[in-house]
**Q** 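Quick one: the structure is below, and I'll ask about it shortly.
Heavy-atom basis, side chains included; hydrogens, waters and symmetry copies ignored.
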Amino acid sequence: MSRFDEDDAFEGAAAAVPQSLSQRAMAGAAGARGTAYLDDLNPAQREAAEALDGPLLMLAGAGTGKTKTLMARIANLVASGRARPNEILAVTFTNKAAREMRERLAKQPFHLLEPLRWMGTFHSISVKILRRHAELASLKSSFTILDTDDQIRLMKQVINAANIDEKRWPARQLAGIIDGWKNRALTPGNVPNAEAAAFGNRGTELYAAYQDRLRSLNAVDFGDLLLHVVTIFQAHPDVLAQYQRWLRYILVDEYQDTNVAQYLWLRLLAQGHKNICCVGDDDQSIYGWRGAEVGNILRFEKDFPGAKVIRLEQNYRSTPHILAAASSVIAQNAGRLGKTLWTEEQAGEKVRLIGHWDGEEEARWIGEEAEALQRGGRRMRAVSLNGQAILVRGSSQMRAFEDRFLTIGLPYRVVGGPRFYERAEIRNAMAYFRLAVSPEDDLAFERIVNTPKRGLGDKAQQVIQMTARADGTSLLEGARYAVAAGKLGGKGAAELRRFVENVDRWHKAIAAASPATARSPAEDDDELIELEVASVPPAHDHSHVRLAEEILEDSGYIAMWQNDKTPEAAGRLENLKELVKALEQFDNLQGFLEHVALILDNSSEEESEKITIMTLHAAKGLEFPVVFLPGWEDGLFPSQRSMDESGQKGLEEERRLAYVGITRAEELCTISFAGNRQVYGRWQSQMPSRFIDELPEADVEVLTPPGLYGGGYGAAAGFGSSSGGSSVEARAAKADVYNSPGWRRLQDRAGNRPVSQPKESRHTVIDLDAVSAFDVGDRVFHQKFGYGHVQEIEGDKLAVAFATGVKKIVAGFVVAASEADDVPF
DNA sequence: GCTGTACAAATTTTT
DNA sequence: TTTGTACAGC
């Protein structure tokens, strides 16, 4: 079940015993016993926890105890009397991070008499600010927050309204462009001329139209939350000054992930007192594609002259081999601030590297390896499945593992995928709630008028739209009028009438349950504080939960899923139950909706033993004793698309992703690649990732699969095999692979690859003619396709005529065969 | 207005 | 290969 911690943070004071202002002020500084919280910090951590005033950049490498340091810093801020807890602004990126911080804070030996009320994500804090000053952005403070889905639908409307062919110019693309602009804090008027050509020269025009639509719907999207706040701060110095006075110390986590809008947001708030502490790791910036600017962290010292920079480099997570591997890879990136992770640990397994025949084989091997590790008996201790993770580049890679694990019955858990609140059934249910709370919510209306089917198709909906537009009212009113005026015929009319009546009834029930709680904007700090304390008293009857159930029943929405015979229906009903249960944590439907757009997640805590499968992105901030990193193949990882779209920059971000992946491992890290892989249903031969070439030989152990499944393809897939013969696998298994022709060929390829060359390869490039040991006409054997003859040679790629046809194959995946080698299949 | 078929597209993801 | 969307036919 979800816990709504953000809510606690912001409104939690409501539950506290009201205190007078002076009491609160004193309470703030109390509660920390001495400076015990500093005692178990290492020197760098301690320095960071004690440099309280002025700008500080804390470069915290993976696993260096950053959160612990932040906790001590907060304690120190309060204990030294510099700030009361509610004068500290602590910003994180994700709700998860905010939650974790709050939990960690609760566990500290000291305790604060007040909660950190300004701890949360950029977005949730922005909502809080924006609700208070909505009118300055031409909004009502009851504005709704659109999710991506609503956003796209709205954009479709805007595109259609502008008479643009939606097929040539898809709404998704426009959404991406506008999002990009918002990330850079660009309003329609500010978009640089050079970019106005976007979207068939009409990008800015549509952007403006979209913003107008949002305003008329009294709605904002995620990007707006930040953009509006920045705009308000810029246009109203008095408002800004108020927050500057109030939020005296700023802490920012994951600073490397901030985008321009967030950067401006922070700079505006910090520019008075400059008490800003940014924590981050430039080597872990992996969200550039979403607007994050590594540049923000790289130029921190310029932005804040006199800034102190402290590096946390002692790692408490991983073994030396793992750290060495990660460091060696990341060292290939240019423009780093530079850190060297070190550890006092001594022992440990080397990073393991293994090649496989294809993706299926890779999954099979990892499955078996996971089971073996679970049993123990390797060179290391037994590791439960919960301590093991498979980190992939893209979610498409997950399938192979799921398939395999299902067949062998290895329990697994997939992290990521559609979030709870993104599921259709949840969104529809929420749309019902939204409409019940605010009948003028047109987007919600559109979403559900015909869900379940009420016989209201495009035509009927057009009539409703036109009626509403003619009267300048909401769609619900338009529908009411259209029915009354007999503009709709037959079954639809009756159904629509019922629908409208239902909404009326629900809305009345809500209005009756909660008398309007008018909030007036406060003019100064004191009033602001009072206002925070005096929010809605908790109502402990659960009438809103019953009402929600009623809504879902009356609307026929529950029935719709009950009648659904598809296998997913049961799960969807489960989810709806879960949603209703989540309501219990709120005092009313309004409160739920207000926060749900930002908060709801499905991080259900699972007890049972399972291996985790997730993307590298999702793994940031986590750690596991055992980590598998499959699919290290050029084009897949680094992703071709990243390199095509962002060139060198893209490649460096991919490399940071590799760094993040390796540093998730505490004890054992296994990197693997496959020689063949099905991509969108087509078989492709793959080349080992260039990142593999960047691993340090001394810290890597090259494995060969134990000769099961009929052959030593493992050796063939990565290393050697250009020398033919049936004993290839045996020799490759024993040989010092780093001196094998195959390995050297790998090194060599690194030099020939497009996009980038490692700056300072420690490996010597040699032996060009090892690239292909084949000639046209040679007979070769391929694990999958059998015997064939080489027809063409193109660098390291061969065109081979097999019985089944001509295939392009990387030379490393065939072995030379003599005509006599033939065996019956 | 609904349902079945054809076709194109296809990372990473938070809020 | 799979998934989602667009359009034609019922």
**Q** Between atom CG in A:L130 and atom C1' in B:dT15, what is the gap in whole Å?
**A** 14 Å
**Q** Report the distance from atom CZ of A:R290 to atom C1' of B:dT15, rounded to the nearest whole Å.
**A**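 The answer, rounded to whole Å, is 8 Å.
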**Q** Quick one: is B:dT15 close enough that its OP1 or OP2 comes under 4.0 Å of any side-chain N or O from A:Y287?
**A** no
**Q** Between the side chains of A:K182 and A:Q211, is a donor N or O closer than 3.5 angstrom to an acceptor N or O?
**A**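 A pair is found: one side chain offers a donor N or O, the other an acceptor, under 3.5 Å apart.
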**Q** Whole Å only: how far is the CG atom of A:L651 from the C1' atom of B:dT12?
**A**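 For the pair A:L651 CG and B:dT12 C1', the rounded distance is 15 Å.
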**Q** Return the 5'-most residue of the pair A:G457, A:G681 with respect to DNA chain B, ranking by each residue's nearest nucleotide.
**A** A:G457
**Q** Does A:R655 make a cation-pi contact with A:F691, if we ask for NZ or CZ under 6.0 Å from the ring centre and within 45° of the axis?
**A**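 Here A:R655 fails the 6.0 Å and 45° test against A:F691.
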**Q** Quick check for you: among B:dT11, B:dT15, B:dT14, whose closest atom lies nearest to any side-chain atom of A:R641?
**A**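 Nearest listed nucleotide: B:dT11.
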**Q** Once you round it to whole Å, what is the distance between C1' of B:dA10 and CD of A:Q397?
**A** 14 Å
**Q** Would a distance-only check, ignoring hydrogens and angles, find a side-chain to backbone donor-acceptor pair under 3.5 Å from A:Q256 to A:D281?
**A**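 Answer holds: yes.
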**Q** Taking salt bridge (Lys or Arg N to Asp or Glu O under 4.0 Å) as the test, write out the residues that go with A:R434, two or more places apart.
**A** A:D150, A:D441
**Q** Rounded to whole Å, please give me the gap between CG in A:L146 and P in B:dT14.
**A** 19 Å
**Q** Taking the minimum atom-to-atom distance to the side chain of A:N450, which one of B:dG1, B:dT13, B:dC2 wins?
**A** B:dC2
**Q** Looking at B:dG1, B:dT11, B:dT13, which one has an atom nearest to any side-chain atom of A:A460?
**A** B:dG1
**Q** Judged by modelled atom types alone, do A:N676 and A:D358 share a side-chain donor-acceptor pair under 3.5 Å?
**A** no
**Q** Of all the nucleotides listed (B:dT11, B:dG1, B:dT15), which has the minimum atom distance to the side chain of A:F222?
**A** B:dT15
**Q** OP1 or OP2 of B:dT15 sitting under 4.0 Å from any side-chain N/O of A:N95?
**A**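 So the side chain of A:N95 is within the cut-off, an N or O lying under 4.0 Å from OP1 or OP2 of B:dT15.
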**Q** Specify whether A:W181 and A:Y207 have parallel, tilted or perpendicular ring planes, treating 30° as the upper limit for parallel and 60° as the lower limit for perpendicular.
**A** parallel
**Q** Ignoring backbone atoms, establish whether A:S395 has a side-chain N or O less than 4.0 Å from OP1 or OP2 of B:dT11.
**A** no
**Q** Over 60° means perpendicular and under 30° means parallel, so classify the ring planes of A:W561 and A:Y557, tilted if in between.
**A**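 Rings of A:Y557 and A:W561: perpendicular, as their planes differ by over 60°.
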**Q** For A:D221, which contact category applies under a 4.0 Å heavy-atom criterion: base, sugar-phosphate, or nothing?
**A** nothing
**Q** Which label fits A:H123 and A:F222: parallel for a plane angle under 30°, tilted from 30 to 60°, or perpendicular past 60°?
**A** perpendicular
**Q** Between which nucleotides of DNA chain C, 5' to 3', does chain A make heavy-atom contacts below 4.0 Å?
**A** C:dT1 to C:dC7
**Q** Once you apply a heavy-atom cut-off of 4.0 Å, does A:Y680 come out as touching a base, just sugar-phosphate, or nothing?
**A**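 Here A:Y680 touches the bases of the nucleic acid.
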**Q** Send over the distance from A:L391 CG to B:dT12 P, rounded to a whole Å.
**A**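 That distance rounds to 15 Å.
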**Q** Expressed as a whole number of angstroms, how long is the span from A:Q284:CD to B:dT14:C1'?
**A** 17 Å
**Q** Using whole Å, report how far CE of A:M398 lies from C1' of B:dT12.
**A**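 That distance rounds to 10 Å.
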**Q** With a 4.0 Å cut-off on heavy atoms, is A:E254 in touch with a base, just the backbone sugar-phosphate, or nothing at all?
**A** nothing
**Q** By nearest atom, which of the nucleotides B:dT13, B:dA10, B:dC2 is closest to the A:T615 side chain?
**A**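 Of all the options, the side chain of A:T615 is nearest to B:dT13.
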**Q** Is it the case that the base of B:dT11 and the side chain of A:R393 share a donor-acceptor contact (distance under 3.5 Å, atom types as modelled)?
**A**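 Checked by distance alone, the answer is no.
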**Q** Starting at the 5' end of DNA chain B and moving along, which residue's nearest nucleotide shows up first, A:Q461 or A:W289?
**A**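 Result: A:Q461.
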